Amino acid sequence: MSSKNVIPDRIAEAMRRFPPFSMLPFEGVRRLAAQATVRVLPAGGKVWSQGDSPGAEIYFLARGRVEYLWTVDGRSERVDVRDVGDVLGLTAVMRNEAFRVTAQAAEDSLLYTLAWPPLRELLETNDEARHYVRRHQFWISRTGMPMPASEPVAASVTGRTKNILQAHLDGAQRVEPRPIERLLTCGPDSSLLEAADLMSSKRVPSILVVDDQRRPLGIVTASGLVKEVIVSGRDKLEPVSRVMAKPVVTISPGSSATAAILLMLRERIGQVCVTEDGTPQGRALDVCTHKDLLAQSGHHPAGLLRELRLARTNARFRELCDEIEAIARSYLEAGISAIYLGQICAELYDELVQRLLVLAIDEVKESGTPLPRTAWAWLSVGSDGRREQILRTDMDNAIVFASLGSAEADEQARAVFVKLATAVIDRMAAAGFSRCQGGVMAQNPRWCRTRDEWLAEMQSPDLVDSADGLLRATVLYDLRYVAGDKSLSDSLREGILKSTTGLSALQQRLAEQVIDAVPPLNLIGRFVVETLGVGSTDFDLKSRGLAPLRDAARVLSMKYQLNRRYSTGGRWEEIRRSLPRLEEMAGLAIEAYDFLLRIRTLNGLRRGDSGRHLDPQTLTKVERAQLANAFDVVRMVQSSLRIEFQIESRRL
């Protein structure tokens with residue numbers, strides 16, 4: 001039963017409560033509502049039947065609930081449930097193909113029938129809404145089929161960049177002038193020789209030229225003096241006023257350090273002058289270079305790298321790690337990829353470990369214990385090895401060293417390396433990292449071994465017969481060099497990759513683990529929470545979603561010898577490029593893994609833990625839809641691995 005719409009404003013307001021209509025301008029939604037018809041459907045009534053051809057219309061579910069039923073071999077299976085706010089029929093209309101399922105009202109329902117052409121025009125001009133439709137909401141993303149939609153236009157890329165930039169600006173520390181005694185100045189009549197002598201004595205790269213009120217007139221740099229005097233042959237007794245760079249770019253005290261860096265990049269200058277009022281008419285207080293500002297930029301990776309290299313105390317390391325997590329939050333909230341963010345955090349945490357190793361080596365030597373005279377390397381394994389450790393969750397690391405030729409000498413060397421690792425790990429714990437509950441740390445002798453010992457273990461025929469052996473094999477497969485002798489690390493990795501590629505039993509066990517992971521969705525699309533552990537409202541995001549996608553990428557990389565990338569996202573990308581038949585699935589897996597990693601990280605930042613256990617009620621409707629889609633991708637990957645490894649289906 002249908003009737004002509006006479007209340008467009010009310011319909012538009014109802015639609016605007018839900019995406020993608022909430023992302024569209026109100027006038028555009030109102031025009032859609034003005035052309036809509038209202039359809040009332042009793043329980044059991046069908047919106048469409050499987051095999052029907054779509055028209056040029058879609059449906060907005062305003063009240064009630066609609067089930068998707070898939071009929072195959074005479075048997076119907078409920079594959080999804082749509083509730084208030086969902087859009088029905090979009091995929092078939094976009095692809096101009098028959099409906100793949102029957103849509104049937106599970107209870108009395110009210111639908112608004114919307115014309116597709118005007119909605120398509122709105123989506124084409126709104127990047128956010130189009131991206132939502134394309135990636136996260138509709139049945140197409142659950143079946144792994146390509147969705148024809150144009151790529152985001154330049155405006156959307158600019159918007160994303162602006163969000164990330166705003167995260168930098170909001171999080172950056174403020175420029176605070178240093179003591180005035182540090183400011184090096186001269187008058188405009190000072191000679192080039194006098195300026196050079198002052199810069200040399202103070203060991204600074206520039207000098208500020210000021211008037212008698214200490215107002216900035218220009219800047220003379222060391223490189224400028226070389227160019228003018230040495231290269232051009234200018235008389236060194238000439239006044240600096242003839243060669244100084246002017247006008248001086250100025251900022252005020254309290255300016256954003258990141259904004260000041262961007263100003264310098266835009267103006268292509270090497271220094272900015274801090275004045276009392278931020279103008280060239282104010283009295284000069286300080287001169288800042290790129291390096292000075294990076295040290296003050298706070299939520300900026302480059303600034304943190306420098307600070308990590310200079311830090312010495314546990315308290316300072318903890319402060320810097322707190323800032324890394326603050327960067328993570330601002331980046332994720334700005335919309336940056338969680339996989340990409342993992343790469344940034346890995347660089348920062350690697351710098352941390354390298355600095356801690358320098359300090360620990362000094363401590364060990366001062367205690368009268370010299371390091372063994374053999375090659376060694378510090379390795380990251382597990383999530384850190386895959387460059388996915390954003391939060392300070394369990395630290396996973398190991399040490400490999402070259403054998404000294406005898407078991408006794410190796411044991412003596414191991415004792416020293418364990419002592420070194422203990423010093424590093426104690427400092428990491430003080431910085432806020434959790435110790436690995438499974439003992440995957442270099443201070444554990446089982447994770448501090450010679451190259452030959454590691455390879456012998458990986459080549460053992462009993463490796464896959466125990467859960468411990470399987471864990472060690474998979475953790476080591478993700479190893480990544482951090483510090484020490486890189487050639488030794490590379491040699492070990494090459495040997496491990498060669499061993500795992502030839503272990504079909506290991507690959508089979510890993511594939512079975514992926515298939516045995518049960519996504520937390522029941523038959524009507526509701527989230528199934530855990531009954532043990534954290535509580536009745538949470539489910540395990542890691543074991544139910546992240547781990548199957550991670551392990552699937554790992555085992556496919558093993559099988560097809562795709563070993564160039566470390567991260568899960570990188571492995572799926574390599575699979576996508578190298579195996580055309582898995583291209584679409586791999587692309588969806590990248591998006592699903594990125595979304596799950598982002599949700600887990602934000603959940604952990606909010607709860608102050610690893611973020612592993614998630615209450616789905618804390619998510620928005622959009623996020624819950626995206627999460628459901630991500631778990632559908634997990635099912636898709638599991639089905640693919642059943643075929644790849646010829647594993648009998650355990651779940652239908």
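Every heavy atom of this structure was used, including side-chain atoms; hydrogens, water molecules and symmetry mates were not. None of these values were measured; they are calculated from a predicted model.
Between D384 and N397, the closest side-chain pair of non-hydrogen atoms is not below 4.5 Å. At least one side-chain heavy atom of M428 sits less than 4.5 Å from a side-chain heavy atom of V353. Residues L420 and L357 form a side-chain contact, since some pair of their non-hydrogen atoms from C-beta on lies under 4.5 Å apart. You'll find the side chain of V418 stays beyond 4.5 Å of the side chain of W447, heavy atoms only. By the 4.5 Å heavy-atom criterion applied to side chains, L470 and L510 are counted as neighbours. Between Q638 and D516, every side-chain heavy-atom pair lies at or beyond the 4.5 Å cut-off. At least one side-chain heavy atom of L619 sits under 4.5 Å from a side-chain heavy atom of L627. Using a 4.5 Å heavy-atom threshold, the side chains of Q508 and Q513 count as separate.
Here the CG-CG distance, from L359 to N314, works out to 9.0 Å after rounding to the nearest 0.5 Å. To the nearest 0.5 Å, atom CD of residue E512 and atom CG of residue D551 are 12.5 Å apart. The structure places CE of M558 at 10.0 Å from CD1 of I496, a figure rounded to the nearest 0.5 Å. Taking CH2 of W378 as the reference point, atom CG of L356 lies at 8.5 Å (rounded to 0.5 Å). A distance of 10.0 Å separates CE in M458 from OH in Y477, rounded to the nearest 0.5 Å. Here the straight-line distance linking atom CG of L556 with atom OG of S640 works out to 6.5 Å at 0.5 Å rounding.
A375 and D485 get closest at one heavy-atom pair: CB-OD2, 3.4 Å. A pairwise comparison of heavy atoms in S567 and G570 identifies OG-N, 2.8 Å as the closest pair. Closest non-hydrogen pair, T568 versus L549, comes out as CG2-O, 4.0 Å. Between D396 and G382, the closest heavy-atom pair is OD2-CA, 4.1 Å. Here the closest non-hydrogen pair linking L479 and S489 is CD1-OG, 4.2 Å. Listed here is the closest heavy atom pair of I324 and C345: CG2-SG, 4.1 Å.
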Go through the steps to decide whether L476 and L379 satisfy the test side chain to side chain contact (heavy atoms under 4.5 Å, CB included), and finish with yes or no. CA-CA 9 Å; L476 280 174; L379 311 173; 5.7 Å; no
Run the side chain to side chain contact (heavy atoms under 4.5 Å, CB included) check on Y340 and D594 step by step: do they pass? CA-CA 9 Å; Y340 175 66; D594 188 62; over 6 Å; no
Report the C-alpha separation of R600 and E388 in whole Å, then their side-chain angles, then the decisive distance to 0.1 Å, and conclude whether the salt bridge (charged side-chain N to carboxylate O under 4.0 Å, His left out) test is met. CA-CA 12 Å; R600 177 185 175 177; E388 294 169 3; over 6 Å; no
Using side chain to side chain contact (heavy atoms under 4.5 Å, CB included), reason through L596 and L541 one step at a time and then give a plain yes or no. CA-CA 8 Å; L596 292 172; L541 191 61; 3.8 Å; yes
Report the C-alpha distance between K365 and D362 in whole Å, list the side-chain angles of each, state the deciding distance to 0.1 Å, and finish with yes or no for salt bridge (charged side-chain N to carboxylate O under 4.0 Å, His left out). CA-CA 5 Å; K365 289 180 177 178; D362 290 342; 5.6 Å; no
Stepwise side chain to side chain contact (heavy atoms under 4.5 Å, CB included) test for Y593 and V633: CA-CA 9 Å; Y593 195 82; V633 174; over 6 Å; no
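In this structure, Q389 contributes its side chain and G342 its backbone to no donor-acceptor pair below 3.5 Å. Side chain of R480 to main chain of V381: no donor-acceptor pair is present (N/O by atom type, distance under 3.5 Å, no hydrogens or angles). Here the side chain of R598 pairs no donor or acceptor atom with the backbone of S337 at under 3.5 angstrom. Between the Q354 side chain and the A483 main chain, no donor and acceptor come within less than 3.5 Å of each other. For E623 (side chain) and T620 (main-chain N/O), a donor-acceptor pair under 3.5 Å exists by modelled atom type. Here the side chain of E325 pairs a donor or acceptor atom with the backbone of R392 at under 3.5 angstrom. R309 places no side-chain N or O within donor-acceptor distance of the main-chain N or O of R355, the cut-off being under 3.5 Å. Of the possible donor and acceptor atoms, none in the side chain of D478 sits under 3.5 Å from a partner among the backbone N and O of G385. Looking only at distances, a side-chain donor or acceptor of S557 sits under 3.5 Å from a matching main-chain atom of A553. Checked by atom type and distance alone, the side chain of W572 never pairs as donor or acceptor with a backbone atom of L588 at under 3.5 Å.
A salt bridge between R571 and E574 is absent, with no side-chain N of the basic residue lying under 4.0 Å from a carboxylate O of the acidic one. A salt bridge between D615 and R606 is absent, with no side-chain N of the basic residue lying under 4.0 Å from a carboxylate O of the acidic one. Ion pair D609/R607 flagged as a salt bridge, since at least one NZ, NE, NH1 or NH2 atom sits closer than 4.0 Å to an Asp/Glu carboxylate oxygen. By the 4.0 Å N-to-carboxylate-O rule, R577 lies close enough to E573 to be salt-bridged with it. In summary, R182 and D286 do not engage in a salt bridge, as defined by a charged side-chain N under 4.0 Å from a carboxylate O. Look at R612 and D394 and you find no salt bridge, because none of the NZ, NE, NH1 or NH2 atoms lies under 4.0 Å from a carboxylate O. For the pair R493 and D490, the salt-bridge criterion is not met [side-chain N within less than 4.0 Å of a carboxylate O]. No salt bridge links E584 with R576; every basic N to acidic carboxylate O contact stays at or beyond 4.0 Å. A salt bridge links E307 with R316: the closest approach of a Lys/Arg side-chain nitrogen to an acidic carboxylate oxygen falls below 4.0 angstrom. Ion pair D426/R435 flagged as a salt bridge, since at least one NZ, NE, NH1 or NH2 atom sits closer than 4.0 Å to an Asp/Glu carboxylate oxygen. E453 and R446 are not joined by a salt bridge, as no carboxylate oxygen comes within less than 4.0 angstrom of a charged side-chain nitrogen.
Under 3.5 Å, the side chains of D410 and S403 contain a donor-acceptor pair of N or O atoms. At a cut-off of 3.5 Å, with distance as the only test, no side-chain donor of T474 or R554 sits close to an acceptor on the other residue. Side-chain atoms of D350 and Y481 form no donor-acceptor pair, as typed in the model, at a separation below 3.5 Å.
The local environment of NZ in K559 is crowded, with over 12 non-hydrogen atoms from other residues, nucleotides or ligands closer than 6.0 Å. Atom CD of E319 has more than 12 neighbouring heavy atoms from other residues, nucleotides or ligands inside a 6.0 Å radius. Within a 6.0 Å radius of CZ in R581, more than 12 heavy atoms belonging to other residues, nucleotides or ligands are found.
Sorted by first and then second residue, the ring pair (Phe, Tyr, Trp, His ring centres under 6.0 Å) pairs involving residues 544-571 (not counting sequence neighbours) form an empty list. Judged as a ring pair (Phe, Tyr, Trp, His ring centres under 6.0 Å), the pairs with a partner in residues 415-444 (not counting sequence neighbours) are, in order, Y349-F433, W376-F417, F401-F417.
Figure legend: cation-pi geometry between R472 and W454 absent, as NZ or CZ is not positioned both under 6.0 Å from the six-membered ring centre and within 45° of its axis.
Scanning for side-chain contact (heavy atoms from CB on, under 4.5 Å) contacts around T369 gives V364, S367, V416, K419, with sequence neighbours left out.
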